[in-house]
Enquirer: 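Handing you this structure, nothing more for now.
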Amino acid sequence: MKLSNTLSAQLDDPRLFRQHAYVNGKWTHGDSGREETVYDPATGEAIGYIPWLDAHQIREAVDAADAAFAQWRALRADERCERLLAWHDLLQANREDLATLMTLEQGKPLPDARGEVEYGASFVRWFAEEGKRTFGETIPSHIPNATLGTIKEPVGIAALITPWNFPLAMITRKAAAAMAAGCPVIVKPAGETPFSALALAELAERAGIPAGVFNVVLGEPAEVSKILCAEERVKALSFTGSTRVGRLLLEQSAQTVKRVSLELGGNAPFIVGPDMDPKEAAFAAVAAKFQTAGQDCLAANRILVHESIHDEFVAHFAERMAALTVGNGMESEVDLGPLIHRQAVDKASAIVDDAISRGATLVAGDQTRAPGENFFMPTLLTGVTPEMKVWREENFAPVAGVTAYRDDDEVIGMANDTEYGLAAYVYTHDIRRIWKLLRALEYGMVSVNSVKMTGPPVPFGGVKQSGLGREGGITGIDEYLETKYYCLGALGSVSGS
Ligand SMILES: NC(=O)c1ccc[n+]([C@@H]2O[C@H](COP(=O)([O-])OP(=O)(O)OC[C@H]3O[C@@H](n4cnc5c(N)ncnc54)[C@H](O)[C@@H]3O)[C@@H](O)[C@H]2O)c1
Ligand SMILES: N[C@@H](CC=O)C(=O)O
């Protein structure tokens, strides 16, 4: 199997760069020698190699998790908490190396990668604590002389399948919840960004997480997922990624009736009311659109601006957008890194061409200035309409589509005119408008006058084709818990309840 040293030279702790899967506390290569090359999207250079495990090796990961389950669930919640907090502290202590790994494999600017490490670590801390609060209930009895109640128990092995755009935080938001609940996990990261996941495994081991509790499997995505979905012993499947793959996994999980959580695509509207300062709103919209070069499920794709301030808004948006620096995320002062690969650039170009051919105006977005073949310059289209791909599809690129609307009812219809329902932004200071939109928008999350909306305490998730279930918050751990009801009969009654 090929190994590369390119990346380890850039780390303070070279052992955080691993090019093996991690199963049952061991670094594992693929039995049949199949492997995948991982590229730096900014330069196109190969930065490392990962093995593809064979089917029997994926099953061995399930065996390992199964064997670890009894011991892990038997720990007291505060004992699991201590180990998770140790993991959290190691993530923080190794922030620079983790951010470097992330920028090199994913492309996002180094400061954003540091931010993601903090964000990812914050879920570990949150769920370490939440694990101590998985309370059951007592139930006033309707059965004579019986005591009724519930206890919470871990569901069992959780398979976690994650995307490349947030290679660390999308894992910890799931894994910390599952592990705090007492479940072992099998993580299948995206092949584009495996090194963040493998560094998490290295740090989990150092934190004293027992072998078999945190496993990272690598392989051909459809093959690995099929095995995990078909495995009866895998009781929960949590997936973050595209709606297309989410539907497939939901179908595959039906055979073993798994607990399925899906965090899928988004196509966020950004609504600007007539009372807003156009400059303030435009700056916020730029921030909500271009993070992670638009490769964010929360990216503000369809920017809906009241007709009375539309032109001023567009001018400010274009000015702010022009100030963004595009380049290699390892260089300082870069705002937007590359897209993940060339296909993403081609998809963005096709979406822009489609919009122009259907009558949209290209205000800015000169692709001849792109600093490399995986880069896409921030692009602003106006006059976008529902028949255009830029309206219907999640573009997952730095492409913003703006359109004008006349009144609240029209904008509600426009905003809801999508199969997606993850997040929506509303910018207005009119309390009646805020409340009306908040109630009418068919989205799992609505952020009013704030670009930032995420974090450990919030229930993150979507409606419609954007997913099932919620991650984070006080309910995030429930995705990994069963409620066991008990009826203790013939006890005699003291109080009648
Ligand atoms: N809702 C959220 O919280 C959230 C967060 C981040 C990303 N996303 C979404 O993720 C998408 C981008 O990520 P992506 O391109 O990595 O998504 P993707 O669906 O292509 O891949 C996600 C994961 O599924 C695996 N996969 C790919 N094809 C598969 C198949 N046929 N069978 C089984 N597994 C398969 C991939 O290897 C990866 O691990 C966007 O739609 C984005 O909105 C959603
Ligand atoms: N920004 C999102 C990830 C979406 O791609 C998050 O905070 O979870």
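If you read the sequence from its start, that first residue is 1, and numbering goes on from there. Not measured: the values here are computed from a predicted model. All ligand and atom numbering here is 1-based and tracks the order in the structure.
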Enquirer: What do we get for Leu422 next to ligand 1 when only non-hydrogen atoms under 4.0 Å count, side chain, backbone, both or neither?
Expert: side chain
Enquirer: Show me which atoms of ligand 1 lie under 4.0 Å from any heavy atom of Asn165.
Expert: 6 (C), 7 (C)
Enquirer: Evaluate the 4.0 Å heavy atom contact test for atom 21 (O) of ligand 1: does a protein atom fall under the cut-off?
Expert: no
Enquirer: Give me the one residue out of Glu419, Arg247, Arg244 that meets side-chain hydrogen bond (donor to acceptor under 3.5 Å, both in side chains) with Gln465.
Expert: Arg247
Enquirer: May I ask you to identify the nearest protein heavy atom to atom 8 (O) of ligand 2, giving residue, atom name and distance to one decimal place in Å?
Expert: Arg173 NH1, 2.9 Å
Enquirer: Suppose we measure from atom 15 (O) of ligand 1 to each protein heavy atom; which comes out shortest, and what is that distance?
Expert: Trp164 NE1, 2.9 Å
Enquirer: Determine, using heavy atoms of Ala222 and all atoms of ligand 1, whether some pair is separated by less than 4.0 Å.
Expert: yes
Enquirer: Check this for me, if you would: do Glu387 and Arg358 make a salt bridge, where the nitrogen-to-carboxylate-oxygen distance has to be below 4.0 angstrom?
Expert: no
Enquirer: Which ligand 1 atoms are under 4.0 Å away from a heavy-atom of Thr240?
Expert: 2 (C), 3 (O), 4 (C), 5 (C), 6 (C), 7 (C), 8 (N), 22 (C), 44 (C)
Enquirer: Got the closest protein heavy atom to atom 4 (C) of ligand 2, with its distance?
Expert: Cys297 SG, 2.2 Å
Enquirer: Can you tell which part of Met170 has a heavy atom less than 4.0 Å from ligand 2: side chain, backbone, both or neither?
Expert: side chain
Enquirer: To the nearest 0.1 Å, how far is atom 1 (N) of ligand 2 from its closest protein heavy atom, and which atom is that?
Expert: Asp296 OD1, 3.0 Å
Enquirer: Applying a heavy-atom cut-off of 4.0 Å, say which part of Thr292 lies close to ligand 2: side chain, backbone, both or neither.
Expert: neither
Enquirer: Parallel, tilted or perpendicular: which one describes the rings of Phe270 and Tyr427, with boundaries at 30° and 60°?
Expert: parallel
Enquirer: For ligand 1, does Pro189 get within less than 4.0 Å through its side chain, its backbone, both, or neither, judged by non-hydrogen atoms?
Expert: backbone
Enquirer: Considering only non-hydrogen protein atoms, determine which one is nearest to atom 6 (C) of ligand 2 and report residue, atom name and distance to 0.1 Å.
Expert: Tyr119 OH, 3.4 Å
Enquirer: Examine Lys235 relative to Tyr480 and say whether NZ or CZ is less than 6.0 Å from the centre of the six-membered ring and inside a 45° cone about the ring axis.
Expert: no
Enquirer: State which residue, out of Thr418, Asp354, Asp417, fulfils the side-chain hydrogen bond (donor to acceptor under 3.5 Å, both in side chains) condition with Arg392.
Expert: Asp417
Enquirer: Please confirm whether Gln295 approaches ligand 2 to less than 4.0 Å, judged on its heavy atoms.
Expert: no
Enquirer: Measure Thr454 to ligand 2 on non-hydrogen atoms and call it side chain, backbone, both or neither using the 4.0 Å cut-off.
Expert: side chain
Enquirer: Parallel, tilted or perpendicular, judged at 30° and 60°: which one describes the rings of Tyr119 and Phe166?
Expert: perpendicular
Enquirer: Do Glu130 and Arg133 meet the salt-bridge criterion of a basic N to acidic O distance under 4.0 Å?
Expert: yes
Enquirer: Within less than 4.0 angstrom of ligand 1, does Phe396 place any heavy atom?
Expert: yes
Enquirer: Using a 4.0 Å heavy-atom threshold (strictly under), name the region of Pro163 that reaches ligand 1: side chain, backbone, both or neither.
Expert: both
